[in-house]
Amino acid sequence: MDNNIQQDVNVLIKRRYEELEELKAKGFEPFAYSFDVDSDSEDIKNNFQEEPKRNVKIAGRIMALRRMGKASFTHLQDQKGRIQVYLRKDDIGEAYDAFKLLDIGDIIGVEGFVFKTKTGEISVHVTSMTLLAKSLRPMPIAKEAVDENGNKIIYDQFADKELRYRQRYVDLIVNPEIKDVFLKRSRIITTIRSFLDAGGYLEVETPILQPLYGGAAARPFITHHNTLDTDLYLRIADELYLKRLIVGGFNGVYEISKDFRNEGMDRTHNPEFTMMEIYVSYKDYNWMMSFVESMIHKVCTEVFGTLEFEFEGQKIIFNTPWQRVSMIDAIKEKTGVDVLTAGANELKAVAKKFGADVEGLESKGKLIDEIFSAAVQPDLIQPTFVIDYPLELSPLAKKHRTKEGVVERFEGYVAGREICNAFSELNDPIDQKSRFEGQVKAREEGDDEAHQIDEDFIRALEYGMPPTAGLGVGIDRLVMLLTNQSSIRDVLFFPQMKPEIKK
RNA sequence: GGGCGCGUAGCUCAGGGGUAGAGCAUCUGCCUUUUAAGCAGAGGGUCGGUGGUUCGAAACCACCCGCGCUCACCA
């Protein structure tokens, strides 16, 4: 990194370092220790009064600079937005010498009174100024204007996706509108948490480093513990540990945390992602469907104040109850084929007809899943629960109480995307063991995402797990959906990138 | 991993075998209610990297690196 920094030293940076020295030489501290703030840009604009003059102390980053000899206008940006600030040499004296050495990007604190300029902009007339932090790198600043219709025009906006992701701190400064997505993300998670807490469910933490990984079908990250001299896996799901806690006697436990999957990356996949999983004893998947409906309903109304959303040009309405359709019926409706009774060859033919690539796939369950993904899923626009999945796709879900060959499982789909996955949890240790054995067989046949056998989990079930409903919600994808972002990178502050190369 | 596209000044982008360009940003001078402030002048580049073709390469070719879109994979 040293090399990178050296490399980046150009005239602009060099000049800022020189100014830094000049400020020090003149007795100005370029990196202050604190500053008392009693207002912000939003407050000042919302609570403007002509008389009596209001005195405020604010701090922020210089984002625009218009100097006119012995007086200057600048825009300060704080967490809430921007406010214009007016400085005159007559008012601040020698601090104006320091101000002349400041740049766009520097952070200052000012005290002054609020007034309206000739052109009507609410501004702060500065009576004292303090430099809080000198910025040593040029900010990729964009100029802003407002057109006749009051719309904001941004010129030459910082747009390089790579730089924006790698240096998100800069992105957040110069493209403040993206903050809204992250604010919404935070409020979505807070609202889910308060919904779960209000329901009396216990938030818990389970291991990220696991000797065996399970609870989903995915390739893991492997790491090594030196003292134990053993390889460990970063979890791909929380499921098996949370269910152990249900065995332990908690009635409802949930965890909101990162899972890790060592798979491809694209606009819906990041190697680490946020999952919410909850397990509730004495409930089944029917109960869980209503639970999801009310949780999402609460998120929509509390965070967004609406049930209507736009996602990639489609209108989504989160009315309850959501539509419900069995996977088998949904496929039958689209293809005319009953996948439960159809043979593997027929399934292959159907899959191909709908454009799925099923080369080398023999498993009936996987074929059915391919057909579903290709023929049904893209059309599930309004919130829909797809229920009752083929048994072999769901080694941790309980067999359906009446239907043969399927399990009590549902996935919630919105805008053609899966946003949650839930089952009546399998609590029969004998059945669980044989399902694991089936997975071992699949693994031997080359399915490197098949589950591993977890003997301790079987042992836990042998002690007895009450009937339990379990749910997993992909938080990133939910946030994408509700904030109309089509790339997961735009709902993550720091999406995974290849490391910058050292030269 | 495959296909397509992109990489030129701090930022946004033109240029497309013959001296490296513009706007904004920066610097100097003038300017005490400006707002994409203005006026006058100036500085700033390993044209992603390495090889090759050529009298001459930012441009053409090959390979590499990075990013984006997309397909596959990822239920």
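In what follows, every chain begins at residue 1, and chains take the letters A, B, ... in the order their sequences are listed.
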Item to check | Complement of G41(B), any strand, by Watson-Crick or G-U distances under 3.5 angstrom | outcome: C27(B)
Checklist entry - Is there a donor on the side chain of Asn10(A) or the base of G44(B) sitting less than 3.5 Å from an acceptor on the other? => result no
Item to check | Side-chain donor/acceptor of Glu121(A) to base of U33(B), under 3.5 Å | outcome: no
Next on the checklist: Counting the atoms with a prime plus P, OP1 and OP2 as sugar-phosphate, which does Glu449(A) contact under 4.0 Å by heavy atoms, base, sugar-phosphate, or nothing?
Outcome noted: sugar-phosphate
Checklist outcome for this item: Between Arg66(A) and His269(A), whichever has its closest RNA chain B nucleotide further toward 5' is Arg66(A)
Next on the checklist: Does the structure show Tyr155(A) stacking with A36(B), if we require the centres to be closer than 5.5 Å and the planes to be within less than 30 degrees of parallel?
Outcome noted: yes
Checklist entry - Checking all strands, does Lys118(A) fall into the base, sugar-phosphate, or nothing category for heavy-atom contacts under 4.0 angstrom? => result base
Next on the checklist: Any base atoms under 4.0 Å from Arg267(A), or only sugar-phosphate, or nothing? Heavy atoms, all strands.
Outcome noted: sugar-phosphate
Next on the checklist: At 4.0 Å (heavy atoms only), tell me whether Arg489(A) reaches a base, stays on the sugar-phosphate, or touches nothing.
Outcome noted: sugar-phosphate
Item to check | Earlier contact from the 5' end, RNA chain B, for Phe158(A) and Ile141(A) | outcome: Phe158(A)
Checklist entry - Checking all strands, does Arg409(A) fall into the base, sugar-phosphate, or nothing category for heavy-atom contacts under 4.0 angstrom? => result base
Next on the checklist: Over all strands shown, is Asp103(A) touching base, sugar-phosphate only, or nothing at heavy-atom distances under 4.0 angstrom?
Outcome noted: sugar-phosphate
Next on the checklist: For a quick check of understanding: with a heavy-atom distance under 4.0 Å over all strands, which category does Leu163(A) fall into, base, sugar-phosphate or nothing?
Outcome noted: sugar-phosphate
Checklist entry - In the structure shown, which nucleotide is the Watson-Crick or G-U wobble counterpart of C67(B), with both distances under 3.5 Å? => result G5(B)
Checklist entry - If you check the Asp90(A) side chain, which of U12(B), C27(B), U32(B) turns out closest? => result U32(B)
Next on the checklist: Using a 4.0 Å heavy-atom cut-off, does Tyr165(A) contact any base of the nucleic acid, only the sugar-phosphate backbone, or nothing at all?
Outcome noted: sugar-phosphate
Checklist entry - Side chains of Arg477(A) and Thr268(A): does their closest heavy-atom pair fall under 4.5 Å? => result yes
Next on the checklist: What's Met497(A) touching, base or sugar-phosphate or nothing? Going by heavy atoms closer than 4.0 Å.
Outcome noted: sugar-phosphate
Item to check | Assigned partner base of U19(B), Watson-Crick or wobble definition, under 3.5 Å | outcome: none
Checklist entry - In chain order, what residues pass the salt bridge (Lys or Arg N to Asp or Glu O under 4.0 Å) check against Asp160(A), with sequence neighbours excluded? => result none
Item to check | Whether over 12 other heavy atoms sit under 6.0 Å from Glu310(A) CD | outcome: yes
Checklist entry - For Ser373(A), which contact category applies under a 4.0 Å heavy-atom criterion: base, sugar-phosphate, or nothing? => result sugar-phosphate
Checklist outcome for this item: Under a 3.5 Å limit on both distances, the Watson-Crick or wobble mate of U32(B) is none
Checklist entry - In whole Å, what separates the C1' atom of C31(B) from that of C69(B)? => result 49 Å
Next on the checklist: Taking any heavy-atom pair under 4.0 Å as a contact, classify Asp266(A): base, sugar-phosphate, or nothing.
Outcome noted: base
Next on the checklist: Please give the distance between the P atoms of G1(B) and C60(B) as a whole number of Å.
Outcome noted: 26 Å
Item to check | Centroid separation Phe221(A) to Tyr233(A) less than 6.0 Å | outcome: no
Next on the checklist: Considering every strand and a 4.0 Å limit on heavy-atom distances, what is the contact class for Gln157(A): base, sugar-phosphate, or nothing?
Outcome noted: sugar-phosphate
Item to check | Polar side chain donor-acceptor pair, Gln77(A) to Arg82(A), under 3.5 angstrom | outcome: yes
Next on the checklist: Closest approach to the side chain of Asp156(A), judged atom by atom: which nucleotide of G68(B), C73(B), G23(B) is it?
Outcome noted: G23(B)
Checklist entry - Mind checking whether Arg435(A) and Lys433(A) have side chains closer than 4.5 Å, heavy atoms only? => result no
Checklist entry - Any chance the rings of Tyr285(A) and Phe423(A) have centres within less than 6.0 Å? => result no
Next on the checklist: Using a 4.0 Å heavy-atom cut-off, does Arg88(A) contact any base of the nucleic acid, only the sugar-phosphate backbone, or nothing at all?
Outcome noted: base
Next on the checklist: Please classify the nucleic acid contact of Glu392(A) as base, sugar-phosphate, or nothing, using heavy-atom distances under 4.0 Å.
Outcome noted: nothing
Item to check | Interatomic distance at P, G21(B) relative to G45(B), whole Å | outcome: 13 Å
